[in-house]
Amino acid sequence: MVAALRNFKLSDPDMGQLRCLLYGPVGAGKSSFINSVNNVFQGRVAHNALVAAASGTSFTKTVNKRLPFAFNDVMGLEAQEKGMQPEDIINALKGHLPEGYKFNPCSALTDESGEYNKKPRSSDKVHCLVSVVAADKISLMSNDVIVKMRKVREKASELGIAQVVVMTMPDKACPLVEMDVKKMYTSKAIKDKVGIPMNCILPVKNYHEEGMLDNDMDILILKAMTQMMNFANDYVWNLQQTA
């Protein structure tokens with residue numbers, strides 16, 4: 001699966017890389033997921049500095065030029081006016097945010113700002129929106145955060161952008177999964193936590209304290225990446241047809 005993703009054929013070769021935007025509540029595991037993907041493709045447990053580097057307040061692009069995909073990591077969503085503003089995530093979807101843009105929790109970027117990218121290229125836009133949620137915290141999400149996430153998802157749907165949901169920390173929500181990650185798809189506790197059919201989400205277990213790679217964890221991560229790539233590639237193909 002690693003080789004297949006390394007050699008993934010893009011619908012538009014000139015695109016260079018498919019862009020995936022990860023967003024979700026604070027502490028959902030966005031940066032840990034990026035770090036886990038990095039581990040799998042490096043074939044070893046890499047230094048966790050990547051998590052710290054990708055969890056700041058800027059529009060951070062995590063890139064490995066040898067791979068056909070790249071991640072954008074953003075601030076986590078919080079209740080009320082704290083954290084990331086959904087309008088800025090929507091700006092990112094459309095390609096209006098420059099790399100390194102510093103988020104302002106009080107106000108989103110407007111088209112009057114000098115930083116606003118008024119003429120985004122297809123490669124500036126997001127090709128797959130990845131909603132990241134933690135299995136053990138879904139029932140604790142505030143209504144404010146749920147409303148913000150819904151606003152972003154609705155805009156992505158309006159734009160035709162591919163969407164997936166990555167569910168992290170399943171082992172924290174189910175003792176059976178904690179003992180054996182292969183029980184992910186048969187766990188009643190996981191299904192109850194999510195509240196939607198399992199085929200609608202991509203469950204993964206991120207690397208945290210493991211000293212070595214785990215084949216079962218890697219398979220879940222690679223399945224999630226394969227789904228993202230296929231969906232994003234379909235979106236790029238659709239863009240070409242309407243160009």
Side-chain angles (χ1 to χ4, degrees), residues 1-3 5-6 20-58 60-64 66-67 69-78 83-84 128 130-142 145 149 164-194 198 201-229:
M1 293 177 74
V2 171
L5 286 171
R6 285 187 187 279
C20 302
L21 174 66
L22 276 63
Y23 85 115
V26 170
K30 302 186 306 297
S31 299
S32 292
F33 175 70
I34 295 174
N35 191 62
S36 297
V37 172
N38 183 55
N39 287 346
V40 174
F41 281 90
Q42 287 199 31
R44 63 181 178 86
V45 175
H47 194 274
N48 286 334
L50 179 60
V51 172
S55 59
T57 59
S58 63
T60 305
K61 187 175 182 181
T62 304
V63 178
N64 182 331
R66 294 172 296 178
L67 298 175
F69 62 85
F71 290 119
N72 275 118
D73 189 23
V74 299
M75 289 177 68
L77 294 170
E78 298 183 63
M84 183 76 177
C128 184
V130 184
S131 304
V132 183
V133 295
D136 63 329
K137 297 177 182 176
I138 291 176
S139 60
L140 303 177
M141 286 172 55
S142 71
V145 170
M149 293 188 72
V164 298
V165 176
V166 166
M167 185 187 69
T168 63
M169 307 180 199
D171 51 314
K172 301 295 184 183
C174 177
L176 290 176
V177 176
E178 184 175 16
M179 291 186 292
D180 184 358
V181 73
K182 293 192 295 295
K183 296 186 182 296
M184 182 87 69
Y185 294 101
T186 58
S187 168
K188 185 177 184 300
I190 295 298
K191 292 179 182 179
D192 291 343
K193 286 284 184 180
V194 177
M198 289 297 288
I201 63 171
L202 306 174
V204 300
K205 182 180 177 183
N206 289 333
Y207 280 95
H208 291 288
E209 300 177 352
E210 293 80 4
M212 297 179 63
L213 294 183
D214 180 283
N215 187 58
D216 293 329
M217 292 171 62
D218 290 355
I219 288 174
L220 290 172
I221 292 168
L222 289 169
K223 281 185 175 180
M225 285 306 307
T226 299
Q227 192 83 307
M228 286 182 210
M229 294 287 283

Any side-chain heavy atom of Val133 within less than 4.5 Å of one from Met149?
yes
With a 4.5 Å cut-off on side-chain heavy atoms, are Phe33 and Val132 touching?
no
Partners meeting ring pair (Phe, Tyr, Trp, His ring centres under 6.0 Å) with Phe69 (sequence neighbours left out)
Phe41, Phe71
Give me the atom names and distance for the closest heavy-atom approach of [X] to [Y].
X	Y	value
Val164	Gln227	CG1-CG, 4.4 Å
Val166	Val130	CG2-CG1, 3.6 Å
Val145	Pro25	CG1-CG, 3.9 Å
Asn206	Ser32	ND2-CB, 3.6 Å
Met84	Val74	CE-CB, 4.0 Å
Lys205	Leu220	N-CD1, 4.5 Å

Is Glu210 reaching over with its side chain to a backbone N or O of His208, donor-acceptor style, under 3.5 angstrom?
yes
Output the distance between atom [atom1] ([X]) and atom [atom2] ([Y]), rounded to the nearest 0.5 Å.
X	Y	atom1	atom2	answer
Ile34	Asp73	CD1	CG	4.0 Å
Lys30	Met75	NZ	CE	9.0 Å
Tyr207	Leu213	OH	CG	4.0 Å
Met141	Leu77	CE	CG	8.0 Å
Ile221	Lys223	CD1	NZ	12.5 Å
Asn72	Cys128	CG	SG	12.0 Å

Please list, chain by chain and in numerical order, all residues satisfying side-chain contact (heavy atoms from CB on, under 4.5 Å) with Gln42, sequence neighbours excluded.
Asn38, Arg44, Ala46
With Ala134 via side-chain contact (heavy atoms from CB on, under 4.5 Å) - residues at least two apart:
Asp136, Lys137, Thr168, Met169
Do Leu5 and Leu67 pass the side chain to side chain contact (heavy atoms under 4.5 Å, CB included) test, and can you show the C-alpha distance, the side-chain angles, and the key distance before you say yes or no?
CA-CA 8 Å; Leu5 286 171; Leu67 298 175; over 6 Å; no
